[in-house]
Amino acid sequence: MKHFSKSLFVGAVFGALTIAAPLSYAATPKDQLVIGTSLAQVLSLDPHQATEGKAVEIMSNLYDRLVNSTPDGKIVPQLAESWKVDDKGITFTLRQANFASGNPVTSKDVVYSIGRLLKLDQAAAANLKRVGYDKDNVDKLVTAVDDKTVRIDFSGQVTAEMLLYRLAASTTSIVDSVEVQKHVADNDWGNAWMRTHSAGSGPFTLNRWSPNELVILDANKDYVTGAPKMKRVIVRHVPESQVERLMLDRGDIDIASALTAADLATFKDKQGFTIQRIPTGGFYVLSMNAGNQYLSNPKVREAIAYGIDYKGIEKTIMGPYGRARNVPVPENFGSAIPNPDWHLDVEKSKQLLAEAGFKEGFSLTLKTIAQTPRIDLATAIQASLAQVGIKVDIQQGNGSEIIAAHRARDFDLLIPQTSAYMPNVLGSMEQFSSNPDNSKEANNAGNFVWRSAWDIPELTALTAKASMEPDAKKRGELYVEMQKMFVEQKPAVLPMFERFEPIVLSSKVEGYVGHPTQLTRLESVTKSEAQ
């Protein structure tokens, strides 16, 4: 039996590139942190429903999980003060903690929360469903031993390491079962209420959420490790980059996280500001609907792969947001293979289209959220594919429209983004290489590949095999095989750029460390008095 009481360090380490400059000034209140960003993708603040990046960032401060992952890739205690791993599962011992309501955190709340996640069965459940947990077996596999002890048995499709990283995700947040059950309506597990309220044990509580306007978080003065340093956090919707740049420059906000590459560059080496460039382990992706009459053909998908000017787009648009990469594994991860020879080659792309029977080309629509840098990326793809005979009509939309279209397979082309749930090949690639049931009836909208109707049974089986291989050397060999098979099948989920999250902070802000999976915690953030 293996005992973990403090941390689990695993392999590759995520970092943040930080460029520091002397301090300028700021006009925001000294006990409040004000963040400017785009809230276009914040559709819900129910942690068992929402998966979008900015929603995750907010929810990670409203809720705790059993365990947490640190920015450098460690698994550390959160609500669980310790855990023991045996050959059948993991036993967690809970710390003494309370929800913001004052109710104690018990094993009953943990069992309820994981059960609620799987029984709501929305996109957020995909991370556990992918490894064998579902609404039918959760009551058997997740049990309360006593008030402060929780047992999670292995599903037969998951290792201890993989399970711990999944339990560190925002989707497995622990909610106040007593409070949530007060607000259940029409058997909705309290979802209508939870979308706009918080019921967590985290360092902050939700004061207000006005969609596409602002989110206000208040400090939980009774938080288990002490009250946060900031009395309040205000997240403002500022989708226009130039406006956000001016607001940061004059001190109206403390942090800017939706700047274009050009506006971000104005803060490089500028007195009073620091820049963090956070590697996410994820990608900006061109999703192709393989149910489309053209995109179902692998030669067409390969033609598109050769029809995009990755290097040109990286230089002129992506900048700090991304670097060209067509394998869904960051190039600095162990077992990562070299990039395939996909680059802008107009003649080769045209030849592939002709071989597929579409010498005269065709028309497609490309859907994207109107958000930096995706709208500029969409325009560049449109121009690039026009050279090979594919006419692309861009349809911009808000987060709810585009995300709903993606999950409903209602698109030709679409630009989503991903991140890695753990810092290795599997953590980054699994969502690109596993689709257990491609049928429309499966309605598995939480599965990234299913959304593109890309049927990959061999790659799915290989991914499952790699995830359960105990020998590190053999697992590495399987990781290489997975990546090669992915490339050979001309993916309908085409990674274009390894994704980074660049943010600019007023130098008054101290203790803010961006998290690769956007689980950035704010309880230790302070603001200095110096100008």
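These numbers were taken from a predicted model, which means no experiment stands behind them.
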> Are any non-hydrogen side-chain atoms of Glu481 and Leu462 less than 4.5 angstrom apart?
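Counting from C-beta outward, Glu481 and Leu462 do come under 4.5 Å.
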
> In terms of side-chain heavy atoms, does Thr460 have a donor or acceptor partner in Asn435 at a distance below 3.5 Å?
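The criterion, which ignores hydrogens and geometry beyond distance, is not satisfied for Asn435 and Thr460.
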
> Answer yes or no: is there an ion pair linking Lys119 with Asp134, defined by an N-O contact shorter than 4.0 Å?
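Not counted as a salt bridge, because no side-chain N and carboxylate O are separated by less than 4.0 Å.
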
> How about Glu57 and Thr520: does a side-chain donor come under 3.5 Å of a side-chain acceptor?
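Not at all, the side chains of Glu57 and Thr520 share no donor-acceptor pair under 3.5 Å.
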
> Is the closest side-chain heavy-atom distance between Gln395 and Leu366 below 4.5 Å?
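Sidechains of Leu366 and Gln395: no contact.
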
> Given side chains that start at C-beta, do those of Pro416 and His406 come closer than 4.5 Å, heavy atoms only?
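Yes, side chains in contact.
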
> Step through it carefully: locate the ring centre of Phe448, locate the ring centre of Phe432, and say whether they are under 6.0 Å apart.
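Yes, ring centres under 6.0 Å apart.
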
> Do Arg499 and Tyr321 have side-chain N/O donor and acceptor atoms under 3.5 Å apart?
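No.
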
> Could you tell me if Thr143 and Arg151 have a donor-acceptor pair between their side chains, going purely by distance under 3.5 Å?
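No, no side-chain donor-acceptor pair sits under 3.5 Å.
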
> Using a 3.5 Å cut-off and no angle test, enumerate the donor-acceptor pairs between side-chain atoms of residues 285-295 and protein atoms at least two apart in sequence or in another chain.
| unit_1 | atom_1 | unit_2 | atom_2 | d |
| --- | --- | --- | --- | --- |
| Asn289 | OD1 | Gly291 | N | 2.9 |
| Asn289 | ND2 | Arg409 | O | 2.9 |
| Asn289 | ND2 | Phe411 | O | 2.9 |
| Asn292 | OD1 | Tyr294 | N | 2.7 |
| Asn292 | OD1 | Leu295 | N | 3.2 |
| Asn292 | ND2 | Asp412 | OD1 | 3.2 |

> Would you check if there is a donor-acceptor pair between the side chains of Thr280 and Glu501 at a distance under 3.5 Å?
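There is no such pair between these side chains.
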
> CZ/Arg323 to OH/Tyr284 distance, rounded to the nearest 0.5 angstrom?
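Going from the CZ atom of Arg323 to the OH atom of Tyr284 covers 14.0 Å.
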
> Tell me whether the guanidinium CZ or amine NZ of Arg277 lies under 6.0 angstrom from the six-membered ring centre of Phe500 and within 45° of its axis.
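Yes, a cation-pi geometry holds between Arg277 and Phe500.
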
> Looking at Arg475 and Glu469, would you say the former's side chain and the latter's main chain have a donor-acceptor pair under 3.5 Å?
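Judged by distance alone, yes, a pair lies under 3.5 Å.
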
> Between Asn326 (side chain only) and Pro495 (backbone N and O only), is there a donor and an acceptor less than 3.5 Å apart?
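Pair found, side chain donor or acceptor close to backbone of Pro495.
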
